[in-house]
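Ligands are counted one by one from 1 in listed order, and the atoms in each one are counted from 1 as well. Residue indices begin at 1 and follow the sequence shown.
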Amino acid sequence: MLPEEVLKEAADAVVDYQGDGLSILEIPHRGQKFDSILEESKELVKELCELQGDHEVLWLQGGGRMQFAMIPMNFLGDGQRAGYLDSGHWSRDAIQSANVFGATEVLSSSKQNNYSALPDLPASFPEDLAYVHITTNNTIYGTQWNGLPLSEPPLIADMSSDILSRKREYDKCALFYAAVQKNVGPAGATLAVVRKDMLKQIKRKLPAVFDYREQVKSKSVLNTPPVFAIYVSLLMLRWTKSKTISVLEQESIAKSEMLYNEIDRNSVFAPVVKVKDHRSRMNVCFTAATKEAEKRFADLCHARNIVGVEGHRSVGGFRASLYNAMAPDAVAQLVSVMQEFEQTAT
Ligand SMILES: *Cc1c(COP(=O)(O)O)cnc(C)c1O
């Protein structure tokens, strides 16, 4: 979701970017206008994530999945092992990609719970791992880590679906990344933030486009970047800064609590994630007692103009995604439709 003011500014820029008749879709990617967009957006990421200067911010392409591949390509050398916390679909996908390049060890998994809870954290991670990978928010199952684990090996985090939604110890990560289409912007751009010392750990000879060192050296313009997606992300970063992370986090707590409270109270619905501490503030998953009731609730949502609450195809039920740009009022509307449904259903 993108705020209306961001959409309007983006729309204006498509017609005429800075009043000289050139559209944002037409500006050159090597030139002063785009340089400023890159510069400001990278500074904002550093500021919003409270980074101390040890990290490089990269705009890349290929989405979350390309990071699943680039990470082991760069950091999992021959004869090494990487550790993964398996909290669901996206973690599994990341593990499969890493298996192409080296050995992986699943440090803990919640597969036996159908991923409706977070995996248990082991007391410590083996020190000889090349890195430890975590998915901070599990978009499909609706679980989320509130904190980051202490890790001797470099910690790498997929933050695709909760970046900038809360204060986090971003600085603790050797690398964190996010496909921007969930919380930062439109599809097409990917953020990767890598600690500079990691660049010395790169094990393989790689084509430049997959090599973090080359991406850093060329300042995110190794090849033609997705100019428009980065520009709209910059507008979102400015919006995020003007709201502030702490206000967005308070709103996020309020929005998710409002919805979980209703799911827990309402006799028709049940939460997918029972352990309150494991519940995601970003993706709230719930089911109704029968398939038939789910169908009727989906129809009622449609009639009340509530869209996009179907669960992921692999889980079913419902999923309300409460990303940064989702207004608290919209959540209150969903809650009132759930109450209406309960009254007609019982
Ligand atoms: C959406 C998502 C991805 C995948 O992103 P793509 O850009 O589609 O590859 C990866 N990780 C998480 C946690 C996601 O939510």
Checklist entry - Do the side chains of D158 and Q67 get nearer than 4.5 Å, heavy atoms only? => result no

Item to check | Whether Y212 and F75 hold their rings parallel, tilted or perpendicular, with breakpoints at 30° and 60° | outcome: parallel

Next on the checklist: Would you say CG of D20 has more than 12 non-hydrogen atoms from neighbouring residues, nucleotides or ligands within 6.0 angstrom?
Outcome noted: yes

Next on the checklist: Tell me whether N183 contacts the main-chain N or O of I163 through its side chain, where contact means a donor paired with an acceptor under 3.5 Å.
Outcome noted: yes

Checklist entry - Under a strict 4.0 Å criterion on non-hydrogen atoms, which protein residues are in contact with ligand 1? => result G63, G64, R65, F68, W90, T135, N137, T139, D158, S160, S161, A179, Q181, K182

Next on the checklist: Checking one residue: M282. Which other hydrophobic residues are in its cluster under the side-chain 4.5 Å linking rule?
Outcome noted: Y323

Item to check | same_hphob_cluster(V184, I245) at 4.5 Å side-chain heavy-atom cutoff | outcome: yes

